[in-house]
Amino acid sequence: MARYLKLYLQFLKFSFSRSLEYRMDFWFRIVMDCVFYAVELAFFTILYQHTDLLGGWNYDQILIFVSGYLVIDAIHMTVFSNNMWWMPIYVNKGDLDYYIVRPVSSLFFLSLRDFAANSFLNLIIAGGILTWSLMRYPGELGLDNLIWFLFLLLNGSLLHYIMQMYFQIPVFWIHTNRGLVNAFFSTTKLMERPDRIYSDWTRRFLMTIFPTLLVIALPAHVLFDGPDPLVISLILGVTAVAFLGMRSFWNLALRHYSSASS
Amino acid sequence: MRSGSFFLHMISLETRKLMIYRVDFWITMLVNMVAHLVVLWAIWNALFAESNQQFIGGWDLQGILAYGVMVFLTGRIVRGGDLQMIIATEIYDGSLSRFLVYPRNYVFTKYAQQLGNVAPDLVQSLLMAMVAIPALGLSTTAIISPASLAMAVPSIMVAHLLFFLMSLPPQFVAFWADNVWSLSVLLRFVSMLLGGALLPLSLFPESMQQVLSWLPFVYLYQFPTLVLLGKVGVTEWATGIGSCLLWCIVMGWLAVPFWKRGSLRYTGVGI
């Protein structure tokens, strides 16, 4: 474990120094993410001009829900996004060889090597929006609820990464996963909307088989309605199963991998 | 090869390139359509049910669902595949050099490629429409007729040209900056919200609607969709097409200094 932590610190050092070399890109990316946040907030603000409730949530609640999603997106952009971009390129070019032969988990190395330092600033901004939306909430939010919510938010980031990996790994067989990755990003719309707008069967599907609602919608319920053990067990259980499944899928993919030097 | 046949050759080349990956093609289409329809259906049903209103922003439920599906399908054609990063990539990896020595205008060649990218999106959009339209039911506020369909074709074509021309300046920034992916994505976010791809603009506050009607984004998504849904009269349609073409000239004119100054900075080895 200590070895992995040390290695991750090296990744951070290297990523920060590299991102400062490309200063214009550094600012472009910050502006892009800020505009994304503005678009997400504007979407719901406009909808709430025409209704008081959506999926059972009022405007104050939806602001917390959206801000929570923005934090998850910022974590994803900071920690995983660059690595997800490079992964299919490594597989197709045969560069994966360099990572397989290292004495650490190839999944760890390829998922976390590139830390997007420019998006880290956006993570702070998204965190600020979440703090603002929590502070302006007129009702009572218990400390227990808040701690569980923040913990499940981190879990949501992990689950978001796991789900994207299911769309990335087929690149070992089909050689281009552009369509699959686009397909994944089109499914993220499902998690950006309140869960109670969906029908019962859709909700069941989206809480178990393709668990997008566990990323932020259910954690938001824990914040508003209190920590229900059943809901928390569902979120953590499904995440654990999804993670183990993804690891097996990764190992299976590695067994199918071949390049000129491996 | 003459300009016309060269243009068609580029379109066919690009289309065939995209169609090589068939699994990719069908998976993207299926997942995109299902995810979009599920979200669309759920959010508007919930909004109409919870607000207890029959009309929102001048739309009934079926009408707004029709708008949501059509703006999604026309938007796919208008954006025409994923060419945004190709120009920047060619500037970065030096493959721009071979286009510079070709006896053809670079932007002209890229537009032919962009049109080639449209073909798969067009096929996908038509297939999706065949599934989605019967599922929508009848609406009192949106009626697709042969006339509206005929008027929508040129509207989508000029919108596609406008989107291509709007994408050029961010791409040409690649002559100066190391990565312009963020700029392309930024343009997409802004144009989708302000162009009515996420919500019909009639849902925006009155004052904002006035401002947005003066911007070019409305011609990318909302205008062709409203034409398709039969909500635009012939005079209004002709004015809209004229305004869109005017914006095309403005955007093309804006791209020229970027290209001229940028190409002077460009260096590349070999072709």
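Side-chain atoms are counted along with the backbone in the values below, which use heavy atoms only and exclude waters and symmetry mates. Residue numbering restarts at 1 for every chain, and letters A, B, ... go by the order of the sequence lines.
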Value rounded to 0.5 Å, distance of [atom1] in [X] from [atom2] in [Y]:
X: B:L186; Y: A:R29; atom1: CG; atom2: CZ; value: 13.0 Å
X: B:M192; Y: A:F43; atom1: CE; atom2: CZ; value: 10.5 Å
X: A:F28; Y: B:L183; atom1: CZ; atom2: CG; value: 4.0 Å
X: A:I197; Y: B:W41; atom1: CD1; atom2: CH2; value: 13.0 Å
X: B:S182; Y: A:I30; atom1: OG; atom2: CD1; value: 9.5 Å
X: A:K189; Y: B:L40; atom1: NZ; atom2: CG; value: 9.5 Å

Of all the heavy-atom pairs spanning [X] and [Y], show the shortest one and how long it is.
X: A:H50; Y: B:Q53; result: O-NE2, 2.8 Å
X: B:A35; Y: A:S186; result: CB-O, 3.6 Å
X: B:W181; Y: A:M32; result: CZ3-CE, 3.7 Å

Can you confirm whether more than 12 heavy atoms, excluding those of [X], are under 6.0 Å from its [atom1] atom?
X: A:W85; atom1: CH2; value: no
X: A:W86; atom1: CH2; value: no
X: A:R204; atom1: CZ; value: yes
X: A:D52; atom1: CG; value: no
X: A:F120; atom1: CZ; value: no
X: B:F258; atom1: CZ; value: no

Top contributor to chain A interface from B:I43, B:L187, B:L198 [non-hydrogen pairs under 4.5 Å]: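 Result: the option with the highest number of such pairs is B:I43.
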I need the residue from B:A42, B:A177, B:A46, B:G57 with the largest number of non-hydrogen atom pairs under 4.5 Å to chain A.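 Of the options given, most contacts go to B:A42.
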Segment of [X] engaging chain A (4.5 angstrom heavy-atom cut-off):
X: B:V34; answer: neither
X: B:L203; answer: both
X: B:N32; answer: both
X: B:L47; answer: both

Step by step, work out the side-chain contact (heavy atoms from CB on, under 4.5 Å) result for B:V31 and A:N182. CA-CA 9 Å; B:V31 178; A:N182 283 340; over 6 Å; no
Between B:F48 and A:T51, is there a side-chain heavy-atom distance shorter than 4.5 Å?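 No - every pair of side-chain heavy atoms lies 4.5 Å or more apart.
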Chain B heavy atoms under 4.5 Å from [X]: which part of the residue, side chain, backbone, both or neither?
X: A:V181; answer: neither
X: A:R193; answer: side chain
X: A:T187; answer: both

Is there a side-chain contact (heavy atoms from CB on, under 4.5 Å) between A:F205 and B:V38? Walk through the geometry before answering. CA-CA 12 Å; A:F205 180 80; B:V38 168; over 6 Å; no
Check B:V190, B:V185, B:L193 against A:V35 for a side-chain contact (heavy atoms from CB on, under 4.5 Å) and give me the one that passes.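 So, applying the side-chain contact (heavy atoms from CB on, under 4.5 Å) to A:V35 and each of B:V190, B:V185, B:L193, only B:V190 qualifies.
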Mark yes or no for whether B:E50, through its side chain, and A:G56, through its backbone, hold a donor-acceptor pair below 3.5 Å.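 Yes; at least one donor-acceptor contact below 3.5 Å.
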